[in-house]
Amino acid sequence: MVPHTSSLSALQALPAGARELLQPLASRADPVLADTLAILAGLDADAEVLAAALLFAAGGAVDEAARKAVIAALPGVAALPEGQSAAEQVWALHAASQSRSTNNEGLRRLLLAIIHDLRVVPILLARQLAQLRVAAQRPESERLALAQLTRDIHAPLANRLGIWQLKWELEDLAFRFLEPDTYKHIARLLDEKRGERERYIERVKQALRDALAGNGIHAEVSGRPKHIYSIWRKMQRKGGSIDALYDLRAVRVAVEDIPTCYAALGIVHALWAPIPSEFDDYIARPKANDYRSLHTAVVGPEGRTLEVQIRTHEMHAQAELGVAAHWKYKEGGAKSGDKSFERKIAWMRKLLEQAGEGEDVGGGLDAELVEERIYVLTPKGEVVDLPRGGTVLDFAYHVHTMVGHRTRGAKVNGRIVPLSHVLRSGDRVEILTAKEPEPRRDWLLQGNGFLASGRSRDKVRAWFHKLDKANNVQAGREVLERELKRLGLHQHDLGAVLKRFRADSVDDLYIQVALGDIGPNQIGRALHEDELDKSRQAKAAPASQHPGVVNASRKPASRPSGADTSRFTVQGVGNLLVALAKCCQPVAGEPIVGYLTRGRGVSVHRAECAALLRLAAANPQRVLPVEWGVSGGGYEADVMLSGVDRKYLLKDITNLIAQEDAHVLGIHSEALRDSGRIRFRLTLKVSDYGQLSTVLGKLDALPGVESVKRSG
């Protein structure tokens with residue numbers, strides 16, 4: 001067999017150097033490669049796709065220098081051979097899983113997730129079909145494995161992507177090798193009546209052409225082929241004989257526009273009696289995948305049932321090229337409403353339409369494909385899908401609730417990782433478990449990043465719901481007090497916010513914290529807002545009668561960076577210099593009080609600052625209500641962190657702060673002699689109080705960190 005001439009002509013679009021390297025490969029006496037190129041040419045594949053197929057098939061026959069020369073001439077080729085190699089991982093997983101039940105839909109999704117350039121998919125399908133066409137010459141075990149892989153992965157993908165030119169033949173050949181007796185039986189039934197059926201279809205087509213032309217409608221009328229595998233599937237679903245299938249005898253009518261579709265439908269129904277239960281209008285109500293056509297079944301000549309499909313030429317081209325694939329209602333594995341997967345398929349359809357037109361369709365991949373699921377592997381190669389952002393702990397709870405409860409560590413691709421490690425598609429995850437279940441309460445705190453899935457958090461909550469009340473109260477108190485001390489809020493009265501969280505008592509509030517129903521950061525914000533309400537009430541009275549608290553912002557932060565005094569509003573006085581007190585460094589949104597100094601303007605303190613209380617006792621007339629203004633470029637806050645003096649501790653601290661989009665303005669370290677411990681004083685720039693709370697919580701969770709709190 002020689003390569004299809006259109007395959008070689010497509011290579012003429014290559015730069016001269018690349019063409020000289022690749023044409024000898026295309027001319028090799030390799031029937032699978034030649035057929036692959038011919039199939040791709042039939043799909044209007046561009047030169048980059050053909051070049052990638054050649055490079056992958058050639059393997060070691062192309063030296064590295066030549067390969068680099070081709071990629072230099074055609075940069076878009078670079079990712080395609082890599083994508084084909086990545087697909088080999090899925091084939092290996094499929095082969096390894098044949099001895100047990102496997103999730104083939106998961107494998108198909110994994111394949112699309114790990115292939116960065118989806119133009120790889122037609123190459124994979126074309127090569128698989130070329131291999132199937134010569135599979136009869138291979139040993140039976142290889143032939144069966146190839147056919148099973150085709151049925152499980154390739155044929156559903158071709159169906160899903162609407163590549164009908166490949167889909168039907170992949171299905172029929174796989175069916176032929178996997179179930180030869182059934183295949184031959186149906187083929188024999190078709191052959192027995194093939195001549196009669198073809199003559200019948202010709203009479204129907206001519207009668208329909210004449211009727212349409214007689215009414216002034218120009219139409220293209222053709223027979224619609226039925227394939228052995230689809231016939232067998234329909235027989236299985238309907239539980240009847242081959243003669244009972246309405247669409248075994250079928251014709252398709254293609255016209256110019258939509259009004260003509262309905263006019264043609266009227267003529268068909270006037271010519272032959274319709275079967276009402278078999279009519280579908282997919283033009284007025286397109287399928288979710290945008291498939292459009294009119295389907296009707298009629299009692300045709302000689303009393304035989306006949307299916308007629310009516311569509312425009314444009315609809316027909318879209319259906320054949322993959323814009324309106326039928327996968328949504330023909331594949332049981334695809335879930336309706338999976339928007340992220342639909343976007344990926346829609347992008348692939350666009351790519352198939354543009355292939356061969358010289359347009360750059362690969363460049364928009366990152367912008368077009370927003371994947372909300374990831375697909376990872378168990379140690380046995382089974383595919384698990386998780387929400388985007390899912391962690392190894394989410395993976396453990398997805399495998400089994402008790403696996404999650406017993407999790408103590410994890411490996412990703414053979415490397416130990418923290419439980420908050422975010423997974424990527426294609427990762428292989430191994431969970432390390434203890435003998436007894438012992439989930440941790442800090443897994444429930446979103447700021448710690450252990451769980452991205454609400455279902456996983458519900459499972460942890462359910463575990464702690466079973467514990468007795470005293471344990472939950474104690475645990476919640478410890479979690480909340482630790483957080484409030486870290487934020488300098490531990491002196492506030494919790495009773496002021498009970499009603500907001502529908503808690504009957506402080507103990508009830510502690511229980512809600514212990515069970516993860518309320519985050520300690522939420523309580524901190526509520527305490528600030530309560531003080532804000534009080535400060536607003538205080539504004540109505542003279543400042544001298546209210547030397548207390550004024551709170552403002554609902555988006556707290558820290559010490560304003562720079563000297564922008566517009567962030568403060570001082571009641572009753574204008575044109576004053578305003579500065580944060582160095583003794584307590586209030587965070588934006590905290591209750592604050594101003595103190596009129598001698599010659600240095602207004603000094604702004606935390607409401608509970610010990611220095612302020614001494615000054616206010618001596619000179620109460622100098623106390624002024626102060627509000628936070630509109631935040632601008634962020635705030636500074638000093639943080640004290642202590643822990644074990646281990647290697648890479650400082651690197652982990654600064655990396656975490658950077659990941660949270662905060663900034664380190666200053667850092668000072670002090671090793672505690674002969675103790676193996678170290679203390680850091682950090683000056684951070686954060687956007688608001690909420691960001692500071694999140695950063696402190698995550699710093700506290702780092703290995704080796706013993707305590708972290710805001711200082712001053």
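Since the model is a prediction, treat every value here as computed from it, not as a measurement. The first residue in the sequence is number 1, and the count goes up from there.
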Between E169 and R176 (salt bridge meaning N to carboxylate O under 4.0 Å), is one present in this structure? no
Should we say atom CD of E220 is surrounded by more than 12 heavy atoms from elsewhere, each under 6.0 Å from it? no
Checking side-chain contact (heavy atoms from CB on, under 4.5 Å) for the pair V251/L208: CA distance, chi angles, key distance, verdict? CA-CA 10 Å; V251 295; L208 192 49; 4.2 Å; yes
Qualifying residue, where the test is side chain to side chain donor-acceptor pair (under 3.5 Å) with T150 and the options are Q131, Q128, E171: Q128
Run the ring pair (Phe, Tyr, Trp, His ring centres under 6.0 Å) test on F279 and H295 for me, step by step, so that the C-alpha distance in whole Å, both residues' side-chain angles and the decisive distance to 0.1 Å come before the verdict. CA-CA 6 Å; F279 173 70; H295 290 196; 9.2 Å; no
Any chance you could lay out the side-chain contact (heavy atoms from CB on, under 4.5 Å) test for I310 and S293, step after step, and finish with the verdict? CA-CA 6 Å; I310 305 170; S293 184; 5.7 Å; no
Taken in chain and number order and not counting sequence neighbours, the residues that satisfy salt bridge (Lys or Arg N to Asp or Glu O under 4.0 Å) with R304 are E196, E302
Can you list the steps and then say if K167 with L125 is a side-chain contact (heavy atoms from CB on, under 4.5 Å)? CA-CA 9 Å; K167 180 252 186 186; L125 297 178; over 6 Å; no
Could you tell me whether the side chains of T296 and H269 share a donor-acceptor contact shorter than 3.5 Å? yes
Heavy-atom donor-acceptor pair, K459 side chain to Y397 backbone, under 3.5 Å: yes
Within the 3.5 Å criterion, strictly below it, is a donor on Q309 or R311 matched to an acceptor on the partner's side chain? yes
Non-hydrogen side-chain atoms of L54 and L37 separated by less than 4.5 Å: yes
